[in-house]
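Okay, structure first, notes after.
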Protein chains: 2
Amino acid sequence: MNWTGGKRPTISQVAAQAGVARSTVSRAFSQPERLTRETVARVLEVAKQLGYTPNPVAQALSTGRSRNIALVVPDVANPFFPPLIRAAQRKAEEYDLCVFLGDSDEKPEREDQLLERFASQVDGVVLVSSRLSDTQIWAYAQRMPLVLINRDIDNMLRVLIDSAPGMEDAVTHLAELGHRHLAYVSGPATSWSNAQRRTAFRNAARRQGLEVSSISANRSTYESGRKSAERVVASGATACVAFDDLLAQGILAGLADLSVAVPEQISVVGCDDVLGSTTSPALTTISNHCVAAGEVAISLLVDNFGGSPAVDVRHVLKTHLVIRNSTAARK
Amino acid sequence: MNWTGGKRPTISQVAAQAGVARSTVSRAFSQPERLTRETVARVLEVAKQLGYTPNPVAQALSTGRSRNIALVVPDVANPFFPPLIRAAQRKAEEYDLCVFLGDSDEKPEREDQLLERFASQVDGVVLVSSRLSDTQIWAYAQRMPLVLINRDIDNMLRVLIDSAPGMEDAVTHLAELGHRHLAYVSGPATSWSNAQRRTAFRNAARRQGLEVSSISANRSTYESGRKSAERVVASGATACVAFDDLLAQGILAGLADLSVAVPEQISVVGCDDVLGSTTSPALTTISNHCVAAGEVAISLLVDNFGGSPAVDVRHVLKTHLVIRNSTAARK
DNA sequence: GTGAAAGCGCTAACAC
DNA sequence: GTGTTAGCGCTTTCAC
């Protein structure tokens, strides 16, 4: 005996057993208000007793809506994503939606593959920090509702985490502590967030009249940050802001390896606030509401089911600085 | 204009355009060997030109197989899971399977809900650290292929991370460092892994003739660990083994708060090895191959598609100790 | 090797 | 209010 053997009762069985038409059974589940109380009760009773449950695949084929959505991220293991995924999943559940998860491993081709595979079986998709080109994304958006997190393309649904306010706070904070030379350690080159953060950093530093250095770490990993520590020191900056917490954490470790004290000799600021105070010293970081981003994205998506493509929504989430122990006055 | 408007070409359109029957188009995709080279070529050509792609929902309804699976975890944000999820997702892709992700938030009811929702639209499911009762799990296993990770139930497909070898190493390591009194800080009460680890800990300690204390932290979180630090100190133990790395990390922080030096005054051992050396001091921990667990689970699942329920497979992954800087000789 | 036709399980007009 | 009847897009016998 195997599972493929059709054991599950179908709508017809329930109909027969309850002495009604299949459509009536269907209605008993989807629009009970159009039926007599008694009919509904009887049908539901029989359904229950038979262990009947509507088959979502059949429903999907018939209605064209699957009640499934997809969530695609560049790297599940990057600590920024799990809270977002979790929040999105939870929110989706509120709308009775199941969510497919895709991990693109930061590769555009894989992201494309995943989307192609999902496209024909979901009601919509949310792309987090997509690595695809504007054109590719736009093409998918023509085929189905699509919302972007941390990617800013006109005439699309997007929720953006605006690093500017938090970055402004961070730079000001550092300036007030007496730092005159700051370094920015950048993350993935293709990341919208990275570009956004770097720009915000530069602007803020300029306004404060500070000298800036730019260091690129490419991948956003602990190791990559660790390796950047040396260049941070070499830059001559007395404080640095990293693209994200993971990188900052690595820098912390790298500096420790070099026997450079944080925050006494160099101050370090992260971005995302996903590590809490688990680093040592506890990281001063730019908080970014990744949970809210996940939730808003789902709501946005649902609100646009059955809508039309090319609606322009730009939901911006502000950021702010969380001061912990990795920043201090310049010595 | 909205997306629900059927824009995608169907098999019929391709058939008409190519001048063949729908069944032929179907075969061109699924069993081209039964068709003439020319026919296949022509059909595929037309399909391509029309942008036709088989509709997975229709295929699922017709064949009874959806090529989708589900992965359910207690908490996406717990660092143990992301690497596993990632590995599973990747492996699933190799088999051309899409994966639904469910987060039960450690709650049996939610896990049950998720499974109920997934059950009728997937070819199988893998449950990671399930919080469901044996009976419930068994019932689901009757309805579809189901593999368990870190849960040991007879006559089911399971992949288990056996903490015993690593735990043995850890306790021996601690004993060799001169520690005579060890504490175990336990995690979720309903967790199979926790029970397994605690038992392994006790057995190893007994063999070494060591005194043991047991401290329960309930939830496996950084904060929970932090709060347990005090009790670790109070227990009089000079070394402790935590249920997992997250808890250990919290204990590290809590100990620091209490000005208890690690490893000088107290040694701390974690479990999972998912934090790398990102803690301070770098955590000595029991490594557990969560990536392999994810991969094996998917393979096991796929191997059992179309098989029968009640097959007994017990794939055990060994563990070993990774020594870093959070353990040292007793002073 | 290819076609015709009967479903897969459900929904959605359209009748009555 | 409830039943009838077409499909939704594909697969799969069974013929030829």
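Reminder, nothing fancy here: chain letters follow the sequence lines and each chain counts from 1.
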*Apply salt bridge (Lys or Arg N to Asp or Glu O under 4.0 Å) to the pair B:Arg219 and B:Asp105, showing each step before the final yes or no.*
CA-CA 11 Å; B:Arg219 265 215 117 157; B:Asp105 197 26; 3.7 Å; yes
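B:Arg42 places no side-chain N or O within 3.5 Å of a backbone atom of B:Val40 that could act as its donor or acceptor partner. Under the 3.5 Å distance criterion, the side-chain polar atoms of A:Glu94 are left unmatched by any main-chain donor or acceptor of A:Lys91.
Inspection of the A:Glu93 and A:Gln89 side chains reveals an N or O donor paired with an N or O acceptor under 3.5 Å. Looking at A:Ser62 and A:Gln59, their side chains never bring a donor and an acceptor atom within 3.5 Å of each other. For the 3.5 Å distance criterion, the side chains of B:Asn55 and A:Ser120 fail to qualify, holding no donor opposite an acceptor.
Between the side chain of B:Ser12 and the base of D:dG9, no donor-acceptor pair under 3.5 Å is found.
Contact check for B:Ile137 versus B:Arg151: side-chain heavy atoms found under the 4.5 Å cut-off. Side-chain atoms of A:Arg27 and A:Thr39, non-hydrogen and from C-beta on, never get closer than 4.5 Å to each other.
A:Phe100 pairs by the ring pair (Phe, Tyr, Trp, His ring centres under 6.0 Å) definition with A:Phe118, B:Phe100, not counting sequence neighbours. Not a single salt bridge (Lys or Arg N to Asp or Glu O under 4.0 Å) links B:Glu45 to another residue, sequence neighbours left out.
The CZ atom of A:Phe29 sits 9 Å away from the P atom of C:dC10 (whole-angstrom rounding). We find that CD1 of B:Ile11 is positioned 18 Å from P of D:dG7, with the value rounded to whole Å.
Less than 4.0 Å separates DNA chain C from at least one heavy atom of each of the following residues of residues 31-50 of chain B: B:Arg34, B:Leu35, B:Thr36, B:Thr39. Against DNA chain C, the stretch residues 53-61 of chain A makes heavy-atom approaches under 4.0 Å through A:Thr53, A:Pro54, A:Asn55, A:Ala58, A:Gln59.
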Using a cut-off of under 3.5 Å, enumerate the N/O to N/O pairs linking the protein to nucleotides 4-6 of chain D.
residue: D:dT4; atom: O4; partner: A:Ser23; partner atom: OG; Å: 3.2

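Among the protein residues, A:Val20 comes within range of the sugar-phosphate backbone only, with heavy atoms under 4.0 Å from sugar or phosphate atoms but none that close to a base.
The listed nucleotides are C:dG9, C:dC8, C:dA12; the one nearest the side chain of A:Ser62 is C:dG9.
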Solution key, residues 67-85 of chain A side-chain donor-acceptor pairs under 3.5 Å, sequence neighbours excluded:
residue: A:Arg67; atom: NE; partner: A:Asp96; partner atom: O; Å: 3.3
residue: A:Arg67; atom: NH2; partner: A:Tyr95; partner atom: O; Å: 2.6
residue: A:Asp75; atom: OD1; partner: A:Ala77; partner atom: N; Å: 2.9
residue: A:Asp75; atom: OD1; partner: B:Arg86; partner atom: NE; Å: 2.8
residue: A:Asp75; atom: OD1; partner: B:Arg86; partner atom: NH2; Å: 3.3
residue: A:Asn78; atom: OD1; partner: A:Phe80; partner atom: N; Å: 2.9
residue: A:Asn78; atom: ND2; partner: A:Ser220; partner atom: OG; Å: 3.3

